[in-house]
Amino acid sequence: MTSILEQLKDSVSQALVSAFGTELADTDPLVAPTNNPKFGDYQSNVALPLAKTLKQNPRAIAQSIIDHLQLEEMCEAPTIAGPGFINFMLKTDYISKLLAKIQPDERLGVPQVEPAQKVIVDFSSPNIAKEMHVGHLRSTIIGDAIARILEFRGYDVLRLNHVGDWGTQFGMLIAYLREAYPEALTTADALDIGDLVSLYKKAKVRFDRDDQFKQTARQEVVKLQAGAEDSRHAWQLLCDQSRKEFQVIYDLLDIKITERGESFYNPFLEDIVSELEQKGLLQTSEGAKCVFLEGFTNKDGDPLPLIVQKSDGGFNYATTDLAAIKYRVKEDGAERIIYVTDSGQANHFAGVFQVARKAEILPDTVEVVHVPFGLVLGKDGKRIKTRSGETFKLKDLLDEAIAHARQDLATRLQEEAREETPEFIDHVARVVGLSAVKYADLSQNRTSDYKFDYDKMLDLKGNTAPYLLYAYVRPQGVSRKGNIDFSQLDTNTSIVLTEKAELALAKHILQLEEIIKEVESNLLPNRICLYLFELSQKFNQFYEQCDILEAKEPQRTSRLILADLTARTIKLGLSLLGINVLERM
RNA sequence: GGGCGAGUAGCUCAGUGGAUUAGAGCAUUUGGCUACGAACCAAAAGGUCAGGGGUUCAAAUCCCUUCUCGCUCACCA
């Protein structure tokens with residue numbers, strides 16, 4: 001179905017044309033939800049900016065628009081307020097009818113896009129042999145949510161994990177592996193490398209202190225790139241081990257992603273460079289092959305290059321990213337490519353995109369977008385850095401979140417003298433703990449820095465996952481108590497919306513579609529969080545003010561339908577964020 | 001120094017096409033459980049939207065400028 005907002009926009013646009021002529025056909029009707037219910041549900045501000053061009057009083061313009069509007073079915077007669085705002089109030093009957101329409105629909109009225117555009121979401125992307133840190137957590141959680149939202153809308157989404165599985169650090173790692181665990185290179189499964197990070201650290205120490213070792217490491221890179229079998233074997237070993245560790249995190253967070261690391265693009269790197277050369281974009285500077293960028297300068301004001309081949313002949317991440325764009329466009333058929341990485345890489349992506357456009361690797365028909373997110377800061381507001389000694393193990397972090405949730409549940413059980421099975425406690429603690437971590441991250445505007453604070457994210461009050469989970473549990477409690485199967489409710493019952501709280505809740509439920517469409521284009525999942533939080537608040541108010549099971553028919557069934565629709569909206573919304581609901585908690 | 005981003009209640013944050021009185025949550029104070037689970041609800045208090053200019057009928061939002069903070073600036077990714 002078409003959202004209320006879209007219907008109003010269309011109606012106002014049509015009224016503009018019939019009132020003032022076709023030259024206003026492309027004028028934005030400026031329809032938006034009101035910020036204050038006393039002005040109705042929606043407003044159009046279009047009369048005010050038109051006052052100048054039409055040389056008329058804005059209130060008169062507003063009146064002409066109203067005279068040409070045909071909205072009797074959905075709205076009360078529109079009113080003009082202040083200098084010329086048009087206020088719309090939805091008819092209660094119309095809201096009831098819409099609710100009845102979405103009630104039997106699993107998608108709650110949200111349509112699928114047609115045709116299914118191919119979209120690539122590039123996210124998570126940890127580095128082999130390094131710890132996944134909080135930055136990867138953000139990319140993983142935000143990227144997964146974006147992918148889920150687009151998938152729900154019907155896009156053909158390819159989720160790609162662009163893991164750092166190539167580069168100079170492997171020379172060092174392999175050289176160290178040869179030295180410390182030679183048997184691992186020749187015998188299958190001879191050794192469980194165990195803590196890869198400590199291996200990395202030890203290798204790094206060797207590398208920094210021992211020039212001889214440094215030499216060996218460099219030769220090892222050359223050997224690996226040349227494809228020497230034992231070097232490749234060692235590389236494979238490191239990748240496999242890392243992969244296992246990543247998978248633990250992905251399993252815990254319920255993340256599905258296809259690995260296609262940097263090494264995948266190795267065969268295409270040379271071609272990229274020669275393609276740039278052929279197109280006359282390439283220049284050599286200080287021995288490195290590069291493309292100079294427009295609009296980027298260094299501290300002396302000179303243009304900044306994008307280096308695609310280092311002076312030693314090696315390629316770097318810009319080359320890989322260009323090759324990846326080409327492959328994704330030509331082979332994968334992507335029409336939109338979304339990169340979920342920290343905002344520190346904004347310059348890099350801007351450069352890569354610019355060169356890709358210039359080289360016509362990236363046609364105008366394909367949209368590329370960097371979805372940046374802010375830094376992860378500690379409770380003290382300072383940046384959390386893995387290198388600074390304090391390593392932040394992601395697994396520990398998630399386990400701690402679950403432990404907090406478990407503790408909280410235990411306290412509650414004691415207070416309420418409830419008894420639950422260990423399985424129940426495990427399950428609830430896990431869902432609540434992990435949801436809290438995900439929701440804390442997603443509920444903020446991703447572009448701002450993120451203050452990582454256990455107490456805050458595990459707080460079970462306010463705009464948090466547990467609040468929403470509880471708002472879902474409440475209708476389920478009604479269902480159990482009243483012995484009601486929500487799926488068997490009489491769909492012929494007309495939904496009566498007499499109480500203020502009922503009406504407010506009903507209107508909010510119907511906004512799901514416009515919110516999802518908004519996020520589909522602006523890629524800001526926190527908008528969904530806000531919507532769900534407000535929905536939960538409105539449900540709690542409704543729940544407080546209106547009896548459900550004790551109400552008389554047809555109000556009883558009507559309220560049951562409202563409760564069910566709320567629950568299903570929360571469940572659906574949370575599922576788009578990668579969060580599961582609980583029937584009891 | 002250049003580029004980018006940020007500065008909104010004591011704290012954490014919403015506010016992305018300019019619009020009527022700037023919003024939540026936490027914390028604080030005060031009410032509400034003989035129960036559709038109170039992990040809830042109701043109410044109070046709390047702001048020169050960093051400062052200063054400008055554009056406009058209208059600016060937290062757009063433009064200029066100053067200050068503060070962060071990220072980033074050629075062979076790591």
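Quick note: numbers below take in every heavy atom, side chains included, and nothing from hydrogens, waters or symmetry partners. So you know, we letter chains A, B, ... as the sequences are listed, proteins then strands, and number each from 1.
- Below the 3.5 angstrom threshold, one finds no donor paired with an acceptor across the side chain of Lys451(A) and the base of G70(B).
- Applying the Watson-Crick and G-U wobble criteria (two distances, each under 3.5 Å), A42(B) pairs with U30(B).
- Across all strands shown, nothing is found opposite A22(B) as a Watson-Crick or G-U wobble partner with both distances under 3.5 Å.
- By the ring-ring contact (aromatic ring centres under 6.0 Å, His included) test, Tyr317(A) pairs with His348(A), sequence neighbours left out.
- Under the Watson-Crick or G-U wobble criterion, with both distances below 3.5 Å, G1(B) is paired with C73(B).
- Straight-line distance from the CZ atom of Arg527(A) to the C1' atom of G15(B): 10 Å, rounded to whole Å.
- The salt bridge (Lys or Arg N to Asp or Glu O under 4.0 Å) check on Glu544(A) picks up nothing, with sequence neighbours excluded.
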Just the atom pairs and distances: protein N or O near nucleotides 37-44 of chain B's N or O, under 3.5 Å.
from   : atom 1 : to        : atom 2 : distance (Å)
G37(B) : N1     : Met585(A) : O      : 3.0
G37(B) : N2     : Arg418(A) : NH1    : 2.5
G37(B) : N2     : Met585(A) : O      : 3.4
A38(B) : OP2    : Arg474(A) : NH2    : 2.6
A39(B) : O4'    : Arg412(A) : NH1    : 3.4
A39(B) : N7     : Arg412(A) : NE     : 3.2
C40(B) : O3'    : Asn540(A) : ND2    : 3.3
C40(B) : O2'    : Arg474(A) : NH1    : 2.9
C41(B) : OP1    : Tyr467(A) : OH     : 2.5
A42(B) : OP1    : Gln541(A) : NE2    : 3.1

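- If you check every strand for non-hydrogen atoms under 4.0 Å, Ser448(A) touches sugar and phosphate atoms only.
- Among pairs with a residue in residues 431-440 of chain A, those fulfilling side chain to side chain donor-acceptor pair (under 3.5 Å) read Tyr439(A)-Asn463(A), at least two apart in sequence or across chains.
- Residues Tyr467(A) and Gly462(A) approach most closely at CB-O, 3.1 Å, considering heavy atoms.
- Remark: Asn445(A) is in phosphate contact with G15(B), judged by side-chain N or O atoms under 4.0 Å from OP1 or OP2.
- In this model, a side-chain donor or acceptor of Ser285(A) finds a partner on the base of A74(B) within 3.5 Å.
- Listed by chain and number, the residues in a ring-ring contact (aromatic ring centres under 6.0 Å, His included) with Tyr339(A) are Phe349(A), Phe353(A) (sequence neighbours excluded).
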Could you tabulate the donor-acceptor pairs under 3.5 Å formed by side-chain atoms of residues 163-175 of chain A, not counting sequence neighbours?
from      : atom 1 : to        : atom 2 : distance (Å)
Asp165(A) : OD1    : Glu262(A) : N      : 3.1
Asp165(A) : OD1    : Ser263(A) : N      : 2.7
Asp165(A) : OD1    : Ser263(A) : OG     : 3.4
Asp165(A) : OD2    : Ser263(A) : OG     : 2.7

